[in-house]
Amino acid sequence: MSKAEFIMRWPELNKQVRCRPIHHNRELFDWFMENLPTKCVQTVTVVAGLQLYMQNVKMPKVECNWIQENQPLEYMADYPVGRAMFFMTAGHVANFTFKAGYATEPMPYPTWAEVVDEDKETFVAVANEIWESVLMDKKTYHVEFFAAED
Amino acid sequence: MKTFQQLKAEIEEQVAASTVKPDQDVLDVFKYSISKGGAGYPQDNQIFTTWFYGAPDCGYVTDWCYFLVELARDESYSMEELCKMARFWFVQPSHFGEYCGLYKQYYFTKEIDKILDTLTREEFVQLLSAFRAYIANVNVWVFQYMPWGVGYAFMRKDGKYFEEALSLCN
Amino acid sequence: MDWKALKKEIEETAERSVEICPEDIMRVFEYEIAPERCGTGGLMLGPWFEGATASRYLIPYYIYNIIKLTKDSDLPVEKIRQQMNLMLPKALGTADLSGMWTVADLTRRTMACVNEMENRDEILELLNALYLYGSSINAWQNYRVKWGLSAAFMIPTRKELVGMAERSSESYI
Amino acid sequence: MLRFKMNWPQLGLAVRCESCGKNEAALKLLMENMPLQTVQGHEMVGGWMIRNRSIYMGKRFFDIPPQDMETESMKDAPVGRISLLFPQGNSTEMLIKYDECEDFRSYVPVANVVAEDLDTLKQVGKLQWKSATRTKEVVIVEFVVED
């Protein structure tokens, strides 16, 4: 069984949360795990809802071999806070968001991971802090991903 | 499910209606700042980010259609491949355009999607060309209403500008 | 044209842009620096709106779709070239004109390379490097646009719209 | 020599246009769609150009492949040049250079505003810029074939 948990960490805030698979797209979760560790600049979505947005995530080891059209999807406005979806992911680059609050975008995406319940409060607090920064003081944040055991 | 002729006629009717009169969706979103699908509400109830990201996703459907029609000239692309590319390329951005309040264009996208697999190559070219003409009209009105004058508060700068600024800093 | 050298250069640029904001973004979106030709009348809102969009479409949307289609539909080399040469030039020109010089230069050189390469896996390697860099540009633009502008464009709620309608007779014209 | 006029009824202005010796087949196709009208816009990145983002070709389908048309960058074009962008099927964009601009992107040149009418063209261009950035007046342009 491949490892079933990764850590999402914000070094500038010295905060981290645990993320685990959900009821579907387990192969997408495993693909992501195979490519860890990795990191990117942390941004937020600015139209659809409060989400942490990871647009330039290098997947160095294993190439993406799936397309979203062939995966089970969930509607962003409906799935719970703390859940992650994949957006324009191809080749060795992943692009995804973690829902952090109220979202109105009614579009379907392949969801694949979720922050564990015990860490959701930390996650939402981090998301709000980064959102405030994007709108006001423009501090730069990064997010790192590594397997739970490392 | 509409026939090719019915849908093309309906699109052409909308082209005519929005050539010199405002497209209703663009009027709602870009002139009245109404958030019809909820876009922008979670982010401080503002409409600017919807304009910034929503308008181009819809507007670039003109280019997606242009590429598809050009590739349709190349017989080595089967109709099946052209339909797959069409779905890969403009359904999702058009759907995001709907979420941003540009309903009519996504209604057409869904109707095109329904009959896409039944179209001949010539019908594929004709239908996407008509649809592109409607999206072009949407673009016209988006650029008409975008508050470009705000740009006068963000003017292009150069070395001379910053040298002068520096001299005022100390 | 040595595609391996170009790939290395793009990867290093992309790697740097995970850590720090790329120069194109700082120049155009933060400091509003642009050459004489960029921005009609000297206004930066056009280059911001159309430049950000063009560079978002140039690499994230177009290269992403070419990579995806190549994998999903076994696109042969000549069709990768055909689609690149069809889809990229217009967006490339607008991104370049809007001050996104590095984006335009790396894309232009990638196109030149692909037009000479024969091995599809190597082409995909090069496109992947470009896709990571383009995704970084997309991320940093999303971050650096002066979203404070949004405060000037609030959404009227249904109730506010009704209220405004009720007061419309007060309007001068 | 192919000739057409651009009219701005609400401004009481008009300019005469004629083929420019390039892409004459494309101009013929465009003119077969006239008379036509559109809401006029302005270029926001490349400089002093009127930009019509939606010229509807509903009568005569535009079917000349791009590789069969000559292109030119706008900075190299004379003031008064009328060029198309992505002409295809029922739609094209149109750029009209009315003053100096450094836009190095390439377009399909099809016509010129005659020299005697360049001042009028520049006047319309400035009014369009004022509309785009300040007044938001909707300016309609009409294209009519001249015999």
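Reckoned from all heavy atoms, side chains included, excluding hydrogens, waters and symmetry mates. In the text below, chain A, chain B and the rest are named by the order of the sequence lines, each starting its count at 1.
With a 4.5 angstrom heavy-atom cutoff, C:Ile67 touches chain A only via side-chain atoms.
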task = Give the C-alpha distance, both sets of side-chain angles, the deciding distance and a yes or no for side-chain contact (heavy atoms from CB on, under 4.5 Å) between A:Cys19 and A:Phe98.
result = CA-CA 10 Å; A:Cys19 305; A:Phe98 271 81; 4.0 Å; yes

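In C:Met164, the CE atom is not crowded: 12 or fewer heavy atoms of neighbouring residues, nucleotides or ligands sit closer than 6.0 Å. The number of heavy atoms from other shown groups lying within 6.0 Å of CD (A:Glu27) is above 12.
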Give each N or O donor-acceptor pair spanning chain A and chain C at a distance under 3.5 Å, with atom names and distance to 0.1 Å, or state none.
| unit_1 | atom_1 | unit_2 | atom_2 | d |
| --- | --- | --- | --- | --- |
| A:Lys39 | NZ | C:Glu19 | OE2 | 2.5 |
| A:Val44 | O | C:Asn142 | ND2 | 3.2 |
| A:Asn56 | ND2 | C:Ser136 | OG | 2.7 |
| A:Lys58 | NZ | C:Glu15 | OE1 | 3.1 |
| A:Glu69 | OE1 | C:Lys68 | NZ | 3.1 |
| A:Glu69 | OE2 | C:Lys68 | NZ | 2.9 |
| A:Met88 | O | C:Tyr131 | OH | 2.4 |
| A:His92 | N | C:Asn128 | OD1 | 2.5 |
| A:Ser133 | OG | C:Tyr143 | OH | 3.0 |
| A:Lys138 | NZ | C:Tyr143 | O | 2.5 |
| A:Lys138 | NZ | C:Val145 | O | 2.7 |
| A:Lys139 | O | C:Tyr143 | OH | 2.0 |
| A:His142 | NE2 | C:Val18 | O | 3.0 |
| A:His142 | NE2 | C:Glu19 | O | 2.8 |

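Residue A:Glu114 forms a salt bridge (Lys or Arg N to Asp or Glu O under 4.0 Å) with just one option from A:Lys120, A:Arg18, A:Lys99, and that option is A:Lys120.
Residue A:Phe29 comes nearest to A:Arg20 through the heavy atom pair CE1-C, 3.4 Å, listed as atom of the first residue, atom of the second, then distance. Across C:Leu127 and C:Val114, no two heavy atoms sit closer than the pair CD2-CG2, 4.3 Å.
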